[in-house]
Number of protein chains: 2
Amino acid sequence: MKKKSDRLPSEDRRKQLIEATLACLMQDGTSGLSSRKICAQAGVSLGLLNHHFANQVDLLAAAYETISVRYHQDLRARIASNKDNHSAPVETLVACAFDADLISPDQLRAWIVFWSQAIDSPVMRAMHDTINERFQTYLIEILSQSFPRLDADQLRALAIEYSALADGLWLDWSLNSKNQDARSWQAILEQWLARTLASA
Amino acid sequence: MKKKSDRLPSEDRRKQLIEATLACLMQDGTSGLSSRKICAQAGVSLGLLNHHFANQVDLLAAAYETISVRYHQDLRARIASNKDNHSAPVETLVACAFDADLISPDQLRAWIVFWSQAIDSPVMRAMHDTINERFQTYLIEILSQSFPRLDADQLRALAIEYSALADGLWLDWSLNSKNQDARSWQAILEQWLARTLASA
DNA sequence: TATACTATTGTACGATCGTTCAATAGTAAT
DNA sequence: ATTACTATTGAACGATCGTACAATAGTATA
């Protein structure tokens, strides 16, 4: 057996550390936010983390961006594939809001940790702003196709309303200790959409 | 000048420590969650905390309950006083959702810390459940008066929808770094209510 | 006044934290 | 083969963490 080298190009190692960070946060929440635990999860020494990331906040911000971009891209792909079936983008958006392939209670618990860090750290706050703005732009793009009579300000308000509702339902879902079956939360979101479409 | 004794009855000291905890979380978020910082905020020695609270989680859970009960009671008082003006409870509920006397971005940032702790600690998770259930019961009571044609399940779904939307808007508001003026978030909530009332 | 009780203090312990850094191992260029 | 570079390691540092505990101060009871 030839022992392969453990060396990785910088970018690959960074990605691996980011994935390890997400895994730790999903497993243990705030207490998973530990450089040592993250390195252990990645099977890597402690010093390596500081070789690839200047400090812990940079790693955390990168992980925040990664999980956000991943969700964003998965969502785009899903909506694009459903568009062929003549389903309005906003219908697909709502339909897969609690889809296990796109989002899980574990991931949402990691998201809550990111939120709590956005309170403390300016870097995380800035990343939060970027992520929010990015997603809001996409939401407006989607909503405008089903709400053609709304102007820009109204669309923006509706986008904020949708993301707030989705975030709140996700929060309730992921912190709920009784029932992890997403159906009831899903139904609430669908009824919201039906009501909103009817009144537009 | 006679120096008064610093002694306090157990319950008073507990309340003081709870208030100090809330102050620390509102100021510094997660990093404010430190026994030493809390004691410093209360102007009290470190050992005293463990005399009045078995451990940090107990104090944190008590603080979570305090901020929740306080909001709940303030809300009840506001709704009761507006009822004399022939305003429906749900109208008042929505009208003061971003009232500075009832809620502030600072308090919401403390709330996010509680959420993040509910991931880790079973004690905090249990308190979260209790608080949620308590508030949901109250919401149903309020909503039933403006939505008399909904059955129990529909009312419960609507209560979850409202609290999710409010939580999400609060989150967006308190983490938003550009604009702390609550008016636009308030308007979104009001439009949601108008739409929902119209379709019921 | 003596006794029992409780609030309060200050210190100390062991653990964990993020970060630094010198030393080593692997890789690519000369 | 030598040089230059970079990934990787592991140990160390100072700080902070939650908790425990013995000692002290204040209060009420007898």
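First the proteins, then the strands, lettered A, B, ... as listed; each starts at 1.
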B:Asn55 CG to D:dG18 P: how many Å, rounded? 11 Å
Return no unless some side-chain N or O of B:His51 is found under 4.0 Å from OP1 or OP2 of C:dA7. yes
Rounding to an integer number of Å, can you tell me how far A:Leu49 CG sits from C:dC21 P? 16 Å
Tabulated below should be each protein N or O lying under 3.5 Å from an N or O of nucleotides 27-30 of chain C; please produce it.
none

Who are the side-chain contact (heavy atoms from CB on, under 4.5 Å) partners of B:Ser144, not counting sequence neighbours? B:Leu155
Using atom CG of A:Leu59 as one end and atom C1' of C:dG18 as the other, report the distance to the nearest whole Å. 12 Å
Within residues 8-31 of chain A, find the residues that approach DNA chain D with a heavy atom at under 4.0 Å, and present them sorted by residue number. A:Leu8, A:Ser10, A:Arg13
By the 4.0 Å heavy-atom rule, please label B:Ile38 as base, sugar-phosphate, or nothing. nothing
Interatomic distance, B:Asp120 CG vs D:dG18 C1' [rounded to whole Å]: 15 Å
Once side chain to side chain donor-acceptor pair (under 3.5 Å) is applied, do any residues pair with A:Gln27, and if so which ones, sequence neighbours excluded? none
Nearest 0.5 Å, what's the CZ-CD1 distance between A:Arg76 and A:Ile79? 8.5 Å
Partner set under side chain to side chain donor-acceptor pair (under 3.5 Å) for B:Glu65, not counting sequence neighbours: B:Arg134
Could you tell me which residues satisfy side chain to side chain donor-acceptor pair (under 3.5 Å) with A:Arg183, sequence neighbours excluded, listed by chain and number? A:Asp181
In whole angstroms, how far is the P atom of D:dT16 from the CZ atom of A:Arg36? 16 Å
Report all side-chain donor-acceptor pairs from residues 94-105 of chain B shorter than 3.5 Å, counting only partners two or more places apart or in another chain.
unit_1	atom_1	unit_2	atom_2	d
B:Asp99	OD1	B:Asp101	N	2.7
B:Asp99	OD2	B:Arg78	NH1	3.0
B:Ser104	OG	B:Asp106	N	3.4
B:Ser104	OG	B:Gln107	N	3.2
B:Ser104	OG	B:Gln107	NE2	3.4

Write down the distance between CG (A:Leu60) and C1' (C:dT19), rounded to a whole number of angstrom. 16 Å
Whole angstrom is fine here: how far is it from CZ in B:Phe53 over to P in C:dA7? 12 Å
Could you work out, with ring pair (Phe, Tyr, Trp, His ring centres under 6.0 Å) as the rule, every residue matching B:His51, not counting sequence neighbours? none
Quick check for you: among D:dG10, C:dC13, C:dA7, whose closest atom lies nearest to any side-chain atom of A:Ser45? D:dG10
Could you pull out all residues at least two apart from B:Tyr71 that satisfy ring pair (Phe, Tyr, Trp, His ring centres under 6.0 Å)? B:Trp170
Please write out each protein N/O paired with an N/O of nucleotides 20-24 of chain D under 3.5 Å, distance rounded to 0.1 Å.
none

How many whole angstroms separate atom CG of A:Asp6 from atom P of D:dT9? 7 Å
Among residues at least two apart in sequence or on other chains, which ones pass ring pair (Phe, Tyr, Trp, His ring centres under 6.0 Å) with A:Phe53? none
Side chain to side chain donor-acceptor pair (under 3.5 Å) involving B:Tyr64 - partner list, sequence neighbours excluded: B:His128
Point-to-point distance, once rounded to the nearest 0.5 Å, from CG of B:Leu33 to CD of B:Gln56: 4.5 Å
